[in-house]
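Below: the structure, in C-alpha cells.
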Amino acid sequence: MRLNKYLAAAGLASRRSSESLIQEGRVTINGHVMRDLSTVVDTEIDQVEVDGRPVYVKTKDVYILLHKPLNYVTTVKDEKGRDSVVDLVKTGERIYPVGRLDYDTTGLLILTNDGELAYRLAHPRYGVEKTYIARLNKKINDHDLQQLRRGVQLVDGKTAPCRARKLGKEIVELAIHEGKNKQVKRMFRKLGFKVVDLHRAAYGSLQLGKLKYGQWRNLKPVEVLGLKKLVGLID
Ligand code: URA
C-alpha cells in the first residue's frame, strides 16, 4: 500500500494532507524519514511513525483467547510500568483486551482489534455470561449462596440475579452477566468474605481448555461466529 494511502487508511489525515506530512519529513518507516510519495508500505512488517508515534492500519480482524497469568494488567499501558497482557500476545495487529480482569485475577481473556464486537461483549446490555471461580478466606453456607444468586446491594446498584454454586467448602463458581468494576470481589466482600484467588473459567461458551498460564491461541472461525451471534452482530 502506498504511504499516503496508508496514512489516510489509518484515519490520520486525508490523502492530500498525508502528502504534506510526508513532504515535511514527519513520517518515518522503520526509523527512516520518507519523503517520497510513491514509497510502498508492507503492512505486515513495516513500522510507520508520524512525529515519532506509531500509526497502524487494521489489515485483518484478529480474535485471541489468552489464559491471563497473575500480575499482569489488562490495560495497554500502565502508569506504574507493570506488565500488560498485550505484550504476551505476538500478532502483527494492534489488539485490545475485552473488558478488564484485575492484576491478581487469572483466567480467560479475549483480545481483539474488532471494536464493535469488543464493545458489545463488554456491554451489560448484551448480557454475556462470565463464569468465575472464587476461593474465599472462609467457609460459605447456603444462605450466602442464595443471597449471591438473588443479587447483592453494592454502592453502584444491586447486582442482577446470577448463578452461584459451591465447588468446595471455600470455593464458589459464580456466573454473572454484568461487568461492574471488581464486581465479584465486591459481592463477596459485601457478605463478609475476602476473595483469596479469582479465576475466570468461561466467557459465554468459551473455555480455556488446555491453555496454560500465559498461553494464547486464535479463536476458531466458528467461535468468532458464536460470539457475534451472542451479541446480535449476526443472525
Ligand atoms: N470481578 C472482580 O472482582 N475482579 C475481576 O478481575 C473480574 C471480576
Side-chain angles (χ1 to χ4, degrees), residues 64-80 82-89 95-112 117-138 140 144-168 170-209 211-216 227 230-231:
I64 304 288
L65 182 67
L66 169 74
H67 189 160
K68 179 194 175 293
L70 269 181
N71 301 345
Y72 277 82
V73 293
T74 53
T75 44
V76 175
K77 284 239 159 67
D78 180 52
E79 74 285 354
K80 294 185 193 153
R82 295 175 295 184
D83 293 327
S84 165
V85 289
V86 170
D87 301 322
L88 293 169
V89 182
I95 49 170
Y96 304 90
V98 174
R100 296 273 167 92
L101 283 181
D102 295 336
Y103 187 62
D104 59 356
T105 299
T106 60
L108 196 159
L109 185 68
I110 299 170
L111 298 104
T112 183
L117 181 65
Y119 171 77
R120 291 190 180 210
L121 285 174
H123 199 292
R125 182 188 337 156
Y126 298 97
V128 179
E129 186 175 79
K130 281 128 332 210
T131 307
Y132 294 89
I133 297 176
R135 193 158 66 81
L136 308 172
N137 62 330
K138 58 184 182 184
I140 186 161
D144 292 322
L145 285 175
Q146 200 52 29
Q147 273 194 276
L148 289 166
R149 289 186 194 115
R150 289 205 186 115
V152 176
Q153 190 64 47
L154 301 177
V155 282
D156 46 354
K158 191 173 175 188
T159 60
C162 68
R163 292 193 297 112
R165 71 182 174 121
K166 216 156 132 177
L167 298 183
E170 298 155 6
I171 303 176
V172 176
E173 183 189 78
L174 194 67
I176 59 174
H177 292 87
E178 305 160 283
K180 295 184 195 291
N181 190 30
K182 297 185 186 289
Q183 181 168 337
V184 176
K185 289 179 188 165
R186 289 195 293 136
M187 286 172 78
F188 282 107
R189 195 179 311 143
K190 183 75 198 224
L191 301 184
F193 295 91
K194 189 172 179 317
V195 174
V196 181
D197 286 320
L198 187 60
H199 177 79
R200 182 153 70 192
Y203 198 108
S205 61
L206 291 177
Q207 296 189 349
L208 282 168
L211 284 184
K212 302 205 175 79
Y213 292 119
Q215 289 185 332
W216 60 274
L227 288 176
L230 203 59
V231 296

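Heads up: numbering here begins at 1 and tracks the sequence. For ligands, and for the atoms within them, numbers begin at 1 and follow the listed sequence.
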**Asked** Does an N or O anywhere in K182 fall below 3.5 Å from an N or O of ligand 1?
**Response** yes

**Prompt:** Is it the side chain (CB and beyond), the backbone, both or neither of Q183 that lies under 4.0 Å from ligand 1, heavy atoms counted?
**Reply:**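 Within the 4.0 Å criterion, Q183 contacts ligand 1 through backbone atoms alone.
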
**Prompt:** Do any N or O atoms from the side chain of T131 and from the backbone of A175 form a donor-acceptor pair under 3.5 angstrom?
**Reply:**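 Flag not set: sc T131 to bb A175 has no pair under 3.5 Å.
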
Enumerate the atoms of ligand 1 whose separation from the nearest heavy atom of [X] is less than 4.0 angstrom.
{"X": "Y132", "answer": "7 (C), 8 (C)"}
{"X": "D102", "answer": "2 (C), 3 (O), 4 (N), 5 (C), 6 (O)"}
{"X": "L101", "answer": "6 (O), 7 (C)"}
{"X": "L198", "answer": "1 (N), 2 (C), 3 (O), 4 (N), 5 (C)"}
{"X": "T105", "answer": "4 (N), 5 (C), 6 (O)"}

**Request:** Quick one: look up the protein heavy atom nearest atom 1 (N) of ligand 1 and list residue, atom name and how far away it is.
**Result:** V184 N, 3.2 Å

**Prompt:** Among L109, L208, L230, I110, which residue meets the side chain to side chain contact (heavy atoms under 4.5 Å, CB included) test with Y203?
**Reply:** I110

**Message:** Can you confirm whether K138 is buried at NZ, in the sense that more than 12 heavy atoms of other residues, nucleotides or ligands lie under 6.0 Å from that atom?
**Reply:** yes

**Message:** Between Q146 and R149, is there a side-chain donor-acceptor contact under 3.5 Å, judged purely by atom types and distance?
**Reply:** yes

**Request:** May I ask you to decide if the ring planes of F188 and F193 are parallel, tilted or perpendicular, using 30° and 60° as cut-offs?
**Result:**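 If you compare the ring of F188 with that of F193, the planes turn out perpendicular.
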
**Prompt:** Atom OG1 of T106 and atom CG of N71: how far apart are they, to the nearest 0.5 Å?
**Reply:**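 Reported value, rounded in 0.5 Å steps: 10.5 Å.
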
